[in-house]
*Asks:* 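I'd like to ask some things about the structure below.
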Number of protein chains: 2
Amino acid sequence: METATAAQRRVTRPRADALRNRERIVTAAREMFVQQGSEAPLDEIARRAGVGNATVYRHFADRGELVHHVVLYVTDRVTELAARAIEAADAESGSPFEALRGFVHAAVDERIGALCPILSEAVDPYHPDLRAARIRLEDAVEGLMARARAAGQLRTDIAVGDLMVALSQLTRPLPGAGCLVDFDQFVHRHLQLFLDGLTAPARSELPGHAATLEELRRDHDERGQRRARRSEEGLGQK
Amino acid sequence: METATAAQRRVTRPRADALRNRERIVTAAREMFVQQGSEAPLDEIARRAGVGNATVYRHFADRGELVHHVVLYVTDRVTELAARAIEAADAESGSPFEALRGFVHAAVDERIGALCPILSEAVDPYHPDLRAARIRLEDAVEGLMARARAAGQLRTDIAVGDLMVALSQLTRPLPGAGCLVDFDQFVHRHLQLFLDGLTAPARSELPGHAATLEELRRDHDERGQRRARRSEEGLGQK
DNA sequence: GGTTAAACGGGGAGCCGATCCCCGCTTATT
DNA sequence: AATAAGCGGGGATCGGCTCCCCGTTTAACC
């Protein structure tokens, strides 16, 4: 009667409070990473999560593993937001660009800025889980932008990368912790201004070229390969 | 014959290479502060400046003094840029908004992002030199914006603080050093988009309220006073 | 060109703070 | 109530940043 379920649960059953703590740690880390980058002290993350530092190390072997899970968590949640925005855009009365606006503001509240480590070397971009999650996110956002573009509401000389990077930029708090109490309000103001700059027709000509995520990834891969090569050499001569 | 000049020079005469090194240190620190914040390792700054670490400590008693001078240096240079832009705006054939555009892009190249410490606690906002320099900068930028606004080219629901903070935000490189080789190009793209969002007529309604620098300063003062009170108490009970 | 002293560079001691482990206690589960 | 998984705080360890010391270089002035 209970054998199968019990056995299953025996394997994958963390205690309820363990799950709660794990989630708390991830969300606390998300805030810290946005504010201080992925080098934020783990003890401080533990403090913010309201748990002992040992609990952090019990759940995540090292910093890299924590960063990994935070990125995964945020990516998934933002992807979900993008999917919802697409639904809104496809609705009868929906305006694709307004859906895009809504997505952007919501993504900020989900701390999309915590994804910066993806672009740095703090995380392994080749990990299958991360890669898959990232592609899902790109596809969703691209879909949203495509709808706005097709509706003639989004300028045509920008790509997913432009939006994502600018979002990350505008979202990050200024160094020096809580320098402004209502910083969030500021962020949303600036996002709104930025979005106004994205609407069609374009009001100016852009320098550089549209940044697709292909390119960001290419930079990635090159760096990843360099790193792989380096560590190989390291092993070789050792 | 030489007494006066020699005596004068005796007092204010650093060696030529000392001056050169000092300048090198300041500009290297400027880069580092933009990239890593004002906590960047001084040894690394020395390395980038191409001098020994002792030279840094010889010129600047501590980190705070270095930060102070960097902020002053950048503020002055950006103020100069704003003044030039105003000249351009006032010229016969000048377009105030185009002058503003030019100023923004130039300010980025002058590493205006290095001014972030002003908004954090890394620097004493009450220092007369800094305060004066900041006010000069505000006035210049305000003058530039006023011209663009008067020409009907700049939306009326934004203020100096909006521009300055957003500029600092968009300018800062993503954490993880040289993640993108042509990051500068990216920055200028995003600035251009942001500027397009600033042009009149406004395409959307902004949340929050126009951020004048009054407000930023007010936040400042409150924090500064809190800090002063704290240290006073500290002295008192000691 | 020689002399002088300011300025420089590298090496190393001291120190602060982050990481991670250990052990007695708490608490969810049954 | 029994049991063991999970927790929290304290402390050893270690790495990196800061700052000083001293032999050497180099600009400044005769």
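Quick note on labels: first sequence line is chain A, next is B, and so on, each numbered from 1.
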*Asks:* If we ignore hydrogens and angles and just use 3.5 Å, is the side chain of A/R111 paired with the main-chain N or O of A/M32 as donor and acceptor?
*Replies:*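 It does not hold such a pair.
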*Asks:* Measure CZ/A/F60 against P/D/dC7 and give the value in whole Å, please.
*Replies:*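 So the two atoms are 11 Å apart, to the nearest Å.
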*Asks:* Only one of A/V141, A/T75, A/D76 clears side chain to side chain contact (heavy atoms under 4.5 Å, CB included) with A/R136; which?
*Replies:*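 Going through the options one by one, the only one that passes is A/D76.
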*Asks:* Tell me the interatomic distance from A/R20, atom CZ, to C/dT27, atom P, rounded to whole angstroms.
*Replies:*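 Answer to the nearest Å: 11 Å.
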*Asks:* If I take atom CZ from residue A/R172 and atom CD from residue B/Q169, how far apart are they, to the nearest 0.5 angstrom?
*Replies:*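 If I round to the nearest 0.5 Å, the distance is 7.5 Å.
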*Asks:* I need the minimum non-hydrogen distance between A/A107 and A/V78, along with the two atoms involved.
*Replies:*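 Heavy atoms of A/A107 and A/V78 come nearest at CB-CG1, 4.3 Å.
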*Asks:* Does the side-chain hydrogen bond (donor to acceptor under 3.5 Å, both in side chains) test come out yes or no for B/D109 and B/H188, once each step is laid out?
*Replies:* CA-CA 10 Å; B/D109 294 335; B/H188 286 290; 3.3 Å; yes
*Asks:* How long is the line joining CD1 of A/I45 and C1' of C/dA18, in whole Å?
*Replies:*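 That distance rounds to 12 Å.
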*Asks:* Without decimals, in angstroms, what is the distance between B/L42 CG and D/dC19 P?
*Replies:*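 Distance check: B/L42 CG to D/dC19 P gives 7 Å.
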*Asks:* How many Å lie between CG on A/L66 and P on C/dA18, as a whole number?
*Replies:*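 The distance from CG of A/L66 to P of C/dA18 comes to 16 Å, rounded to the nearest Å.
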*Asks:* Mind checking the CD1-CD spacing from B/I45 to B/Q36? Nearest 0.5 Å is all I need.
*Replies:*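 Atom-to-atom, B/I45:CD1 and B/Q36:CD are 8.5 Å apart.
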*Asks:* Without decimals, in angstroms, what is the distance between A/Y57 OH and C/dT19 C1'?
*Replies:*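 Rounded to the whole Å, the gap is 4 Å.
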*Asks:* Using every non-hydrogen atom in the two residues, find where A/E110 and A/V74 come nearest and quote the distance to one decimal.
*Replies:*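 It is O-CG1, 3.9 Å.
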*Asks:* What is the separation between atom CZ on A/R47 and atom P on C/dG17, rounded to the nearest whole Å?
*Replies:*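 From A/R47 CZ to C/dG17 P: 15 Å.
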*Asks:* Axis-to-axis angle across the helix from C/dG1-D/dC30 to C/dT30-D/dA1, five pairs an end, to 10 degrees?
*Replies:*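 Overall, the helix from C/dG1-D/dC30 to C/dT30-D/dA1 bends by 40° from one end axis to the other.
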*Asks:* Strictly under 4.0 angstrom, non-hydrogen atoms only: write out the protein contact profile of nucleotides 6-13 of chain C, one letter per nucleotide from the 5' end, B, S or -.
*Replies:* BSBBBBB-
*Asks:* May I ask you to decide whether B/E87 forms a salt bridge with B/R84, counting only side-chain N to carboxylate O separations under 4.0 Å?
*Replies:*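 Judged by the 4.0 Å cut-off on N to carboxylate O distance, B/E87 and B/R84 do not form a salt bridge.
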*Asks:* Within this structure, what is the CG-CG distance for the pair B/L137 and B/L81, rounded to the nearest 0.5 Å?
*Replies:*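 That separation rounds to 10.0 Å.
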*Asks:* Atom CE of B/M32 to atom C1' of D/dC17: distance rounded to whole Å?
*Replies:*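 Checked: the CE to C1' distance equals 12 Å.
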